[in-house]
*Asks:* 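Submitted below is the structure of interest, expressed as C-alpha cells.
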Amino acid sequence: MTKYILAPSIIAADFTRIAEEIHACESAGADWLHMDVMDGHFVPNITIGPLFVEACRKAAKLPLDVHLMISEPEKYIEAFAKAGADNITVHAETCPDLPEMLRKIKSLGCTAGITLNPATPASALDSALPFADLALVMSVHPGFSGQKFMPEMIGKVEELRSKLNAIRSNAHLEVDGGISLDTLPLMKKAGANAFVAGSAVFNHPQGTAAGVRALKEITSS
Ligand code: DX5
Ligand code: ZN
C-alpha cells in the first residue's frame, strides 16, 4: 500500500509567524516539513541555514526534509544533521561521488535523498539509486517558490518510478516545484508518492491549514 506524503515547503511560509505556520501544517495533517536551503551560488537565491532548521526543529513535531540546493554540500551535512534534519537531499550536480555522499548522510543518522535539476537526465542518478532513501524530481528550476510547473518533468517521474521498481527500491519518489491541486494528480499518476508544495499551501486564500487539507485530500484519494 503506497504511503502518500505531503511536505509543505516552508520557504513560502510567513517567516514572521513560522511556529504558527508549522503548527497549522501539523494540525491540518501534513506529513513532513520541506526545508529549502539555498546558498546563492548553486542557485541564484539565498534562503536558510542550520540555525533556522534548528529553530524549526524546536517548533515542529514533523520530520524535517532538508533539500540542499548548495555547492559543496559535504561541508554542511553534519551541521544540518545536528540542527535536526531527518532527511537530507543533495543535488547530483554538486556531488562527484553520490553513493559516498549518501553513505556519509546515513552515517549522521539521517535518511539520504538525491535530486536533479530539470536539465539533468534521470540516468545521472543510476549509480546512487540503490543506496537512496528518496529521489526528488524538480519540476521547476531550483531557486524560487511560486514558479510555473514544468509538465515535461512528468516523463522523468515515470522514468524514475520504473528505475526504482526495477531495483525493487522502497525509496520515496518526491516532486518539488509548482505542485498544486491541478499538477499533483499528474505527478501522482506518473509514480510520485511525496509532494512538496510551497505556494499552494502557504498562499491558499483560506489560509495554510486549508491549503494542507486541500492537497492532502487529493494525495490520499
Ligand atoms: C525551488 C523550491 C520550490 C519550493 C516549492 O527551488 O524548492 O520548488 O520548494 O515552491 P512552490 O510549491 O511554490 O513551487
Ligand atoms: Zn525543495
Side-chain angles (χ1 to χ4, degrees), residues 5-15 18 21-22 25 30-49 52-53 56 62-71 73 76-77 80 85-94 105 110-120 132-154 156-157 172-188 192-205 207-208 210-212 214-216 218-219:
I5 288 157
L6 180 67
S9 168
I10 55 111
I11 57 161
D14 176 352
F15 276 21
I18 195 66
E21 293 268 61
I22 289 171
C25 288
D31 300 285
W32 299 344
L33 279 178
H34 187 80
M35 322 283 290
D36 280 312
V37 177
M38 302 180 196
D39 64 358
H41 182 255
F42 177 64
V43 292
N45 191 9
I46 298 176
T47 56
I48 59 175
F52 192 78
V53 170
C56 291
L62 291 177
L64 302 186
D65 171 31
V66 174
H67 174 193
L68 296 184
M69 289 165 271
I70 65 174
S71 301
Y76 305 98
I77 51 174
F80 282 102
D86 294 276
N87 178 72
I88 297 178
T89 295
V90 291
H91 271 262
E93 300 88 355
T94 64
I105 292 170
C110 301
T111 55
I114 43 179
T115 184
L116 60 189
N117 288 338
T120 305
D133 299 305
L134 178 146
L136 167 61
V137 174
M138 292 303 295
S139 34
V140 293
H141 294 291
F144 299 89
S145 176
Q147 298 179 80
K148 200 169 165 325
F149 175 77
M150 296 171 70
E152 60 273 38
M153 289 299 114
I154 296 173
K156 193 186 273 187
V157 174
H172 293 291
L173 183 46
E174 188 176 38
V175 289
D176 178 358
I179 299 303
S180 67
L181 293 175
D182 300 327
T183 59
L184 193 152
L186 304 175
M187 292 301 231
K188 182 178 173 187
N193 77 295
F195 307 92
V196 175
S199 30
V201 167
F202 295 104
N203 298 347
H204 190 283
T208 299
V212 169
L215 287 168
K216 272 300 278 183
I218 48 170
T219 47

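All of these numbers come straight from a predicted model, not from anything done at the bench. Atoms within each ligand, like the ligands themselves, are counted from 1 in listed order.
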*Asks:* Can a side-chain donor-acceptor contact be found between H34 and D176 if the only test is distance below 3.5 angstrom?
*Replies:*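 D176 vs H34: donor-acceptor pair found between side chains.
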*Asks:* Is there a donor-acceptor contact under 3.5 Å from the side chain of N45 to the main chain of F144?
*Replies:*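 No.
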*Asks:* Using the test side chain to side chain donor-acceptor pair (under 3.5 Å), find all partners of S180 that sit at least two apart in sequence or belong to another chain.
*Replies:*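 Listed in chain order: T183.
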*Asks:* For the Zn ion (ligand 2), report each protein N, O or S atom nearer than 2.8 Å, sorted by chain and then by residue number.
*Replies:*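 Metal shell, protein only: H34 NE2, D36 OD1, H67 ND1, D176 OD2.
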*Asks:* When T89 is tested against each of L136, I114, V37 for side chain to side chain contact (heavy atoms under 4.5 Å, CB included), which residue passes?
*Replies:*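 Of the listed options, the one satisfying the test is L136.
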*Asks:* Verify the distance criterion only: is there a donor paired with an acceptor across the side chains of D133 and H172 at less than 3.5 Å?
*Replies:*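 No, no side-chain donor-acceptor contact under 3.5 Å.
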*Asks:* I'd like to know if the side chain of D39 reaches the main chain of H41, judged simply by a donor and an acceptor atom lying under 3.5 Å from each other, with no hydrogens or angles considered.
*Replies:*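 Pair found, side chain donor or acceptor close to backbone of H41.
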*Asks:* Polar pairs, ligand 1 vs protein, N/O only, below 3.5 Å.
*Replies:*
unit_1	atom_1	unit_2	atom_2	d
ligand 1	6 (O)	G143	N	2.7
ligand 1	7 (O)	D36	OD1	3.1
ligand 1	7 (O)	D36	OD2	3.1
ligand 1	7 (O)	D176	OD1	3.3
ligand 1	7 (O)	D176	OD2	3.2
ligand 1	8 (O)	D176	OD1	2.6
ligand 1	9 (O)	S9	OG	3.1
ligand 1	9 (O)	D36	OD2	2.4
ligand 1	9 (O)	D176	OD1	2.9
ligand 1	10 (O)	S145	OG	3.2
ligand 1	12 (O)	G198	N	2.7
ligand 1	13 (O)	S145	OG	2.7
ligand 1	13 (O)	G146	N	2.8
ligand 1	13 (O)	S199	N	2.9
ligand 1	13 (O)	S199	OG	2.4
ligand 1	14 (O)	G178	N	2.8

*Asks:* Between K156 and V137 (side chain of the first, backbone of the second, donor and acceptor by atom type, cut-off under 3.5 Å), is there such a pair?
*Replies:*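 Checked: no pair found.
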*Asks:* With side chain to side chain contact (heavy atoms under 4.5 Å, CB included) as the criterion, how do E21 and I10 come out once you've worked through the C-alpha distance, each side chain's angles and the decisive distance to 0.1 Å?
*Replies:* CA-CA 8 Å; E21 293 268 61; I10 55 111; over 6 Å; no
*Asks:* With sequence neighbours left out, write down each residue that passes side chain to side chain donor-acceptor pair (under 3.5 Å) with S9, or none if nothing qualifies.
*Replies:*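 Side chain to side chain donor-acceptor pair (under 3.5 Å) list for S9, sorted by chain: D36.
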